[in-house]
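Encoded as structure tokens, the structure appears first; notes follow it.
Given the structure is predicted, the values throughout are model-derived calculations rather than measurements.
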Amino acid sequence: MLPRERRWATYALYGFCRYADNLIDNPRHRSKDELLHEADFISREIEIAYRSGESEHPILKSFIIVAKHYISR
């Protein structure tokens with residue numbers, strides 16, 4: 001139902017939300033410290049991606065393109 005550009009943006013946003021949600025909801029036998037470390041890593045990656053406009057992280061790569069596109073509007 002969505003135009004192609006918004007559909008792609010929705011996929012990127014959903015992928016990021018799903019990834020972040022799974023960090024907590026599906027800890028895969030990781031300790032609290034390991035989860036906090038991973039959440040901190042993602043937080044730093046997002047900061048770098050916003051500043052640089054790119055990321056090599058498989059989830060953040062498309063998310064940051066979409067985020068920067070819609071924030072700059």
Side-chain angles (χ1 to χ4, degrees):
M1 290 190 204
L2 294 172
R4 183 178 301 243
E5 178 185 325
R6 289 202 176 166
R7 190 175 337 140
W8 187 84
T10 301
Y11 297 151
L13 179 60
Y14 175 79
F16 171 75
C17 291
R18 180 73 187 256
Y19 177 78
D21 186 55
N22 281 345
L23 285 177
I24 304 305
D25 290 349
N26 188 15
R28 299 184 331 249
H29 306 292
R30 290 178 287 182
S31 70
K32 180 180 176 181
D33 285 341
E34 289 169 324
L35 291 171
L36 290 173
H37 177 75
E38 190 166 350
D40 187 47
F41 171 77
I42 293 299
S43 177
R44 285 192 314 267
E45 284 292 309
I46 291 170
E47 289 176 21
I48 292 166
Y50 270 115
R51 189 174 56 248
S52 68
E54 61 185 24
S55 176
E56 289 303 316
H57 188 280
I59 297 297
L60 295 182
K61 189 172 193 162
S62 58
F63 171 75
I64 201 62
I65 292 168
V66 169
K68 293 208 52 107
H69 174 77
Y70 284 96
I71 287 172
S72 66
R73 285 184 155 191

>> If we ignore hydrogens and angles and just use 3.5 Å, is the side chain of R7 paired with the main-chain N or O of L2 as donor and acceptor?
In response: yes
> Is a side-chain N or O of S43 found less than 3.5 angstrom from the main chain of A39, in a donor-acceptor match?
Replying inline: no
>> Between E54 and K61 (salt bridge meaning N to carboxylate O under 4.0 Å), is one present in this structure?
In response: no
Would you give me the side-chain donor-acceptor pairs under 3.5 Å for residues 14-28, sequence neighbours excluded?
{"unit_1": "Y14", "atom_1": "OH", "unit_2": "R18", "atom_2": "NH1", "d": "3.0"}
{"unit_1": "Y19", "atom_1": "OH", "unit_2": "E38", "atom_2": "OE2", "d": "3.3"}
{"unit_1": "N22", "atom_1": "ND2", "unit_2": "R18", "atom_2": "O", "d": "3.4"}

Just verifying a value: how many Å separate [X] [atom1] and [Y] [atom2], rounded to the nearest 0.5 Å?
X	Y	atom1	atom2	result
L36	K32	CG	NZ	6.0 Å
S52	E45	OG	CD	9.0 Å
Y70	E5	OH	CD	4.0 Å
S62	W8	OG	CH2	5.0 Å

> Counting heavy atoms not belonging to R4, are there more than 12 under 6.0 Å from its CZ?
Replying inline: no
>> So which atom in I46 and which in L60 form the shortest heavy-atom distance, rounded to 0.1 Å?
In response: CG1-CD2, 3.8 Å
>> Is there a path of hydrophobic side-chain contacts, each under 4.5 Å between heavy atoms, that joins F63 and I48?
In response: no
> Are I71 and Y11 in one and the same hydrophobic cluster, where Ile, Leu, Val, Met, Phe, Trp and Tyr link if side-chain heavy atoms are under 4.5 Å apart?
Replying inline: no
>> Is there a side-chain contact between I64 and H57 in this structure, where contact means two heavy atoms from C-beta onward sitting under 4.5 Å apart?
In response: no
> With sequence neighbours left out, which residue pairs that include part of residues 20-49 fulfil the ring pair (Phe, Tyr, Trp, His ring centres under 6.0 Å) condition?
Replying inline: none
